[in-house]
Protein chains: 2
Amino acid sequence: MNAQVTAAYNGHAASLSHRRGLVLARRLTCRTDEPLFHEGDAIDHRYEVVSGAVRACKLLPDGRRQILEFYLPGDVFGDDELDTCHGFSAEAAGIDETVLLQTRQRPMAAHTAVDPETMLRMRDQALRSLDMTRSRLLILGRLEAPERLAAFLLEMELRLVGRPPAREATPFVLPISRRDAADYLGITPETLSRCIQDLRRRAVIDVVRQRQVTILDRRTLVDMSCGAAAFSGGCPGHAQRLPAVA
Amino acid sequence: MNAQVTAAYNGHAASLSHRRGLVLARRLTCRTDEPLFHEGDAIDHRYEVVSGAVRACKLLPDGRRQILEFYLPGDVFGDDELDTCHGFSAEAAGIDETVLLQTRQRPMAAHTAVDPETMLRMRDQALRSLDMTRSRLLILGRLEAPERLAAFLLEMELRLVGRPPAREATPFVLPISRRDAADYLGITPETLSRCIQDLRRRAVIDVVRQRQVTILDRRTLVDMSCGAAAFSGGCPGHAQRLPAVA
DNA sequence: CGCGCAATTGACACGTCTCAATTCGAGTGG
DNA sequence: CCACTCGAATTGAGACGTGTCAATTGCGCG
């Protein structure tokens, strides 16, 4: 982890603590593919993505890789594991550079003493994450490559441009490489590329310079994805209002 | 839901509440394939499996199905969702009959007032479940059919016969149909059958009467599964000692 | 302008799905 | 106790989708 490090007070850092008051965070600037932690490493930090992207992935001994999740600007990660060491690895995945805020973090087991509100928030976040991961089980287990791509494009549009996209589709720029997208979808880059080109030929999407995507025919994508897209609702580690509680 | 219902005090029911004292639970006896709830139904109950098995699954409009999880005797489910309605359906999957304990349950959002210890336990359970589901992402996304089967057999042995299996392998009986196992692994029953027969021919496993499995060569299964098997540790909704807390 | 890596394209092999036929196993009735 | 029956599981043949490997194109950067 040779990222350039700058001590920084408050600012964005405040949103990491979820407590009122001042928080000390480090600002990390990572080059593409730079590891933040590996599977098996001790859990001792918590991260918030400022810009770029992070991939959470599991590796097989023979090099096969499954990306569990992408963390995009605003997402928080590193605090959603039970054990004292990580069950997956995390690496900067942004095309150019990825900027993060890092705060110290004790393993979960020691967190008994925190206030009930924080505990509730953490549980809700875990359940949100669980729900999203379950949706992805359906995608990886039962959708074919073109269907997975459709679900992926809808998910990315939702996360990058926001909720109900305007009548005129807003273009968005995928912050990750083709290989990463393929490893997220459980297919090869070649198959992904063929599926993308097919959607282009059929004028379902427009792609310029390999990264910028415009959805021309959302209806077709929704049909293709069989409504299986993850992110009907919340994002991975994204802070959200608590539901009104009794 | 036409299950035979019997009011029952305490006994097993006590383990549902995780509080000291008496709890009222209903005892359900379900025939195979009988639904407990559907995706979209309001969340209003919590279940503990007594005997048989339950499958949690997501459906596609065209009938494709992905089983998210099997709940086996001792497992608790129905209380691990954030929303007010279920994100998946649950059906009895036991070969003969499945017996459950059912208790009333308010949706999660209203749970602010519960004691911190319960909250902590719920969060830990969600994180355990999340970890297992992430492992399954790797299995469904990156393992081939024979590898998935290997991981599945190891998982089932662990859940049905317990931790470090003796030198002489203990036979166990799969409590589910081939179709359910296939839908759990994201493959077809035909492919599953072929993989099973292959392991038999190679004397890696022994199968009698289609259900009873004995692992003859665990080493080979472990190698095949690439160490990707879910359940290195805990089970789905299985009550576990809390880690010692500060 | 040209280097270098990522992305695309093509040809082919292989794994899994599909559909149909057969066998197996549990339960029933003679 | 044994035939019969029905559904589940297995087996086979062929089609299709995806993976593999190599060649080509495209894009960003010096």
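Each chain gets a letter, A, B and so on, in the order its sequence line appears, and its residues count up from 1. No experiment lies behind these values; they were computed from the predicted model shown.
D41(B) pairs by the side chain to side chain donor-acceptor pair (under 3.5 Å) definition with nothing, not counting sequence neighbours. Scanning for side chain to side chain donor-acceptor pair (under 3.5 Å) contacts around D96(A) gives an empty result, with sequence neighbours left out. Listed by chain and number, the residues in a salt bridge (Lys or Arg N to Asp or Glu O under 4.0 Å) with E39(B) are K58(B) (sequence neighbours excluded). R219(A) pairs by the salt bridge (Lys or Arg N to Asp or Glu O under 4.0 Å) definition with D223(A), not counting sequence neighbours. Applying the side chain to side chain donor-acceptor pair (under 3.5 Å) rule to T214(B) yields no partners; only residues at least two apart in sequence or on another chain are considered. For E155(A), the salt bridge (Lys or Arg N to Asp or Glu O under 4.0 Å) partners two or more places apart in sequence, or in a different chain, are R159(A). Residues satisfying the salt bridge (Lys or Arg N to Asp or Glu O under 4.0 Å) test with R142(B), not counting sequence neighbours, are D183(A).
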Item to check | Working for side chain to side chain contact (heavy atoms under 4.5 Å, CB included), residues I205(A) and L216(A) | outcome: CA-CA 5 Å; I205(A) 62 173; L216(A) 304 176; 5.6 Å; no

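Rounded to 10 degrees, the angle between the two end axes of the helix from dC1(C)-dG30(D) to dG30(C)-dC1(D) is 30°, with five pairs used at each end.
Following rounding to the nearest Å, D198(A) (CG) and dT9(C) (P) show an atom-to-atom distance of 11 Å. Separating the CZ atom of R209(B) from the C1' atom of dG27(C) is a distance of 14 Å, rounded to the nearest angstrom. Computed from coordinates, the Q212(A) CD to dA7(C) C1' distance equals 17 Å when rounded to whole Å.
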Checklist entry - Along nucleotides 5-19 of chain D, 5' to 3', which nucleotides get a B, which get an S, and which get a -, given that the test is a protein heavy-atom distance under 4.0 Å? => result ----SSBBB----SS

Just the atom pairs and distances: protein N or O near nucleotides 21-23 of chain C's N or O, under 3.5 Å.
none

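Applying the ring-ring contact (aromatic ring centres under 6.0 Å, His included) rule to pairs touching residues 134-159 of chain B yields F152(B)-Y184(B), sequence neighbours excluded. Sorted by first and then second residue, the side-chain hydrogen bond (donor to acceptor under 3.5 Å, both in side chains) pairs involving residues 203-212 of chain B (not counting sequence neighbours) form an empty list.
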